[in-house]
Amino acid sequence: MKRLLIVFALGLLATSASASVPATWTFGSAPLAKSPASGRELADGIHELRIPDRGGCGWWTTSASVKPGGGVRFRAQAEIALDNADEKVYNDLMMFVRWEFPNDGKDRSASGNGVDKGEFYQRDFIGYTDRVESGRIVRGFDQVFAAPGECDRVTVEFIGKWHAMTVKISDLSVENVPRPAPRRVRCVVGNPHESTFAREITDANVFQIRLGQIEATLTNIFAHVENPDIILFSECFSGVGAKNPANVAEPIPGGPSWKLAAKYATRYRCNIAMDVKERDEEGRCHNTVFVCDRQGRLAGRYRKVHLTSGEYRQGLVPGEGFPVFDLDFGRVGALICWDNWFSESIKLVKRNGAELLLFPLAGCLDDHTDLCFPARAIDAGIPIMVAMRQGHLPNGIIDRDGKWIAKTFEDNGFAVADIDLAERKRVFWLSVGPGLGDPYQLYYDESRPEIYEKFSW
């Protein structure tokens, strides 16, 4: 029978006099587990947790005081050695905090009627990154939160479950730091219509006319929008109307669309994203989103994974993954048209770290704008910039709650909205019991990717 051993070694990351390591810890074990966890405190501040099989769950809990209204940084390191090297631990070793309001005099009934629920308690997962050293996973927890309301104390919990593994957690610290600032991004979606000039298009003039429309839209945007951070245009707009797709396949960087994007990106110090038919260095063609950064450099490209039957009959080749681009304001991913009808796509983009999704497409049914796109934003907890080329459908920005916060139908018009990538949302109950949780993180940190991968086809 496999056994799970978790060892907590508590030390101080002494970066500030306000950092602290709690001294008193409480052990807990899942009461319904067939083989319950056991724990003991060892010498030198080390806490040990044992779980004898994959059905077990155990945890150590402690608490610390925090400064109301400020920022709090939580850090720790976990060294994970899986008994079965083929397993993946994902979020089955977690660190989270519960923000307490012990002295505010509120009624703490568990009726769930919502009275004073904004100050009941809140629970947040601490973000982490993994690296591999000598066959072991080293998981570093590190995240800064704004202490909510008048909260003056937090409960910190480490929980391990469902794996046979040995884990050492060290260097726990709870540090009062400046309150984190918002991370606002000004998002703009351009809206040239494909029907405009449609009768005049030939393979010889398609780039001139279509890129002229994009340039007119960019001129309109920069005349009316102050300091946009990122601008998006619709799917393959620069080649719409060409009879021979081979005539509009272009290199990235270096093609006509790239040159136009780079011209305006550098002039106005703005990230610009376009979608084109790309011909790569080996002569293969893709449906590709590229992002040109403020310095005119290629920040990243995404090649459409789910090609339509029309596209693969043309000879387009699909992409092989969901890359995320590191821009100066945050991490951005992309999907193209048919991609977003597969719900796995946006979740994989999110799992790769995206905070904002670029979504260019040709068009869709009317009800998809009201149902499908908002559902995707809610599922992944990331906002979506939607750029279509059909004038009867809206272009704009959907926030992570699935609400259209900006729309335009105007030819050569634009939709603009400011998104705070540091926004925290609170919803009552969910997985946390009679308290508040952040759905953006809960949908991610309590998902089961190990199971999804096991049964994928």
Side-chain angles (χ1 to χ4, degrees), residues 1-11 21-64 74-100 121-128 130 135-143 153-174 430-435 437 441-442 444-451 454:
M1 181 178 292
K2 293 182 178 179
R3 308 188 73 179
L4 169 61
L5 171 65
I6 298 181
V7 179
F8 295 98
L10 307 181
V21 175
T24 303
W25 290 72
T26 302
F27 167 75
S29 176
L32 295 180
K34 181 179 179 181
S35 302
S38 61
R40 57 182 179 142
E41 184 175 1
L42 304 178
D44 300 323
I46 298 174
H47 290 68
E48 178 185 274
L49 171 64
R50 290 183 180 274
I51 297 177
D53 57 37
R54 284 180 61 88
C57 180
W59 55 90
W60 282 101
T61 304
T62 187
S63 62
F74 299 92
R75 288 188 286 181
Q77 180 172 286
E79 185 180 300
I80 308 167
L82 292 163
D83 289 7
N84 182 352
D86 293 332
E87 291 185 351
K88 296 181 180 179
V89 67
Y90 285 112
N91 48 22
D92 289 340
L93 179 73
M94 300 183 293
M95 174 184 177
F96 58 78
V97 297
R98 171 171 162 155
W99 305 89
E100 307 284 357
Y121 69 81
Q122 296 176 186
R123 195 181 80 181
D124 285 302
F125 289 90
I126 306 301
Y128 62 83
D130 286 346
R136 297 188 177 195
I137 300 168
V138 178
R139 177 163 295 180
F141 296 93
D142 190 348
Q143 192 163 357
R153 196 160 191 83
V154 293
T155 296
V156 182
E157 188 163 8
F158 291 96
I159 186 165
K161 62 185 188 299
W162 305 337
H163 285 279
M165 58 184 172
T166 301
V167 179
K168 293 182 180 179
I169 294 186
S170 60
D171 298 326
L172 169 68
S173 70
V174 179
L430 289 180
S431 169
V432 306
Q441 289 304 116
L442 284 165
Y444 177 81
D445 286 312
E446 295 196 348
S447 64
R448 299 290 309 282
E450 180 182 6
I451 301 300
K454 180 178 178 180

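Just so you know, these numbers use all the heavy atoms, side chains as well, and skip hydrogens, waters and symmetry mates. Throughout, numbering of the chain's residues begins at 1 and tracks the sequence.
- Two residues are said to be in side-chain contact when any heavy atoms from C-beta on lie closer than 4.5 Å; Arg75 and Asp171 fail this criterion.
- Shortest non-hydrogen contact noted between Thr24 and Thr62 is O-OG1, 2.6 Å.
- Not counting sequence neighbours, the partners of Phe141 by the ring pair (Phe, Tyr, Trp, His ring centres under 6.0 Å) test are Tyr128.
- Counting heavy atoms from C-beta outward, Phe27 and Trp60 have side chains that approach closer than 4.5 Å.
- Legend: residues meeting side-chain contact (heavy atoms from CB on, under 4.5 Å) with Thr61, ordered by chain and number and at least two apart, are Trp59, Thr155, Glu157.
- In this structure, the side chains of Leu172 and Met95 come closer than 4.5 Å at one or more pairs of heavy atoms.
- Remark: side-chain polar atoms of Glu100 are not paired, donor with acceptor, to backbone N or O of Arg153 under 3.5 angstrom.
- Among residues two or more places apart in sequence or in another chain, the side-chain hydrogen bond (donor to acceptor under 3.5 Å, both in side chains) test is passed with Ser447 by Arg351.
- Arg54 places a side-chain N or O within 3.5 Å of a backbone atom of Trp162 that can act as its donor or acceptor partner.
- Take Ala81 and apply the side-chain contact (heavy atoms from CB on, under 4.5 Å) test, not counting sequence neighbours, and it matches Arg136, Thr166.
- Residues forming a salt bridge (Lys or Arg N to Asp or Glu O under 4.0 Å) with Asp445 (at least two apart in sequence, or on another chain): none.
- Scanning both residues, Asn91 and Lys161, for their nearest heavy atoms gives O-NZ, 3.2 Å.
- Considering only residues two or more places apart in sequence or on other chains, Asp130 meets the side-chain hydrogen bond (donor to acceptor under 3.5 Å, both in side chains) condition with Arg139.
- Residues Cys57 and Ala37 share a closest heavy-atom pair of O-CB, 3.9 Å.
- For Tyr90, the side-chain hydrogen bond (donor to acceptor under 3.5 Å, both in side chains) partners two or more places apart in sequence, or in a different chain, are Glu453.
- Classification of Arg448 and Glu450 as a salt-bridged pair fails, no side-chain N sitting under 4.0 Å from a carboxylate O.
- Note that CG of Leu82 and NZ of Lys88 are 11.5 Å apart. Values are rounded to the nearest 0.5 Å.
- Taken to the nearest 0.5 Å, the CG atom of Asp92 stands 6.5 Å off from the CE atom of Met165.
- With sequence neighbours excluded, the residues satisfying side-chain contact (heavy atoms from CB on, under 4.5 Å) with Arg123 are Phe96, Phe125, Ser431, Val432, Leu442, Glu446.
- When all heavy atoms of Gly56 and Ala33 are compared, the pair lying nearest together is CA-CB, 4.3 Å.
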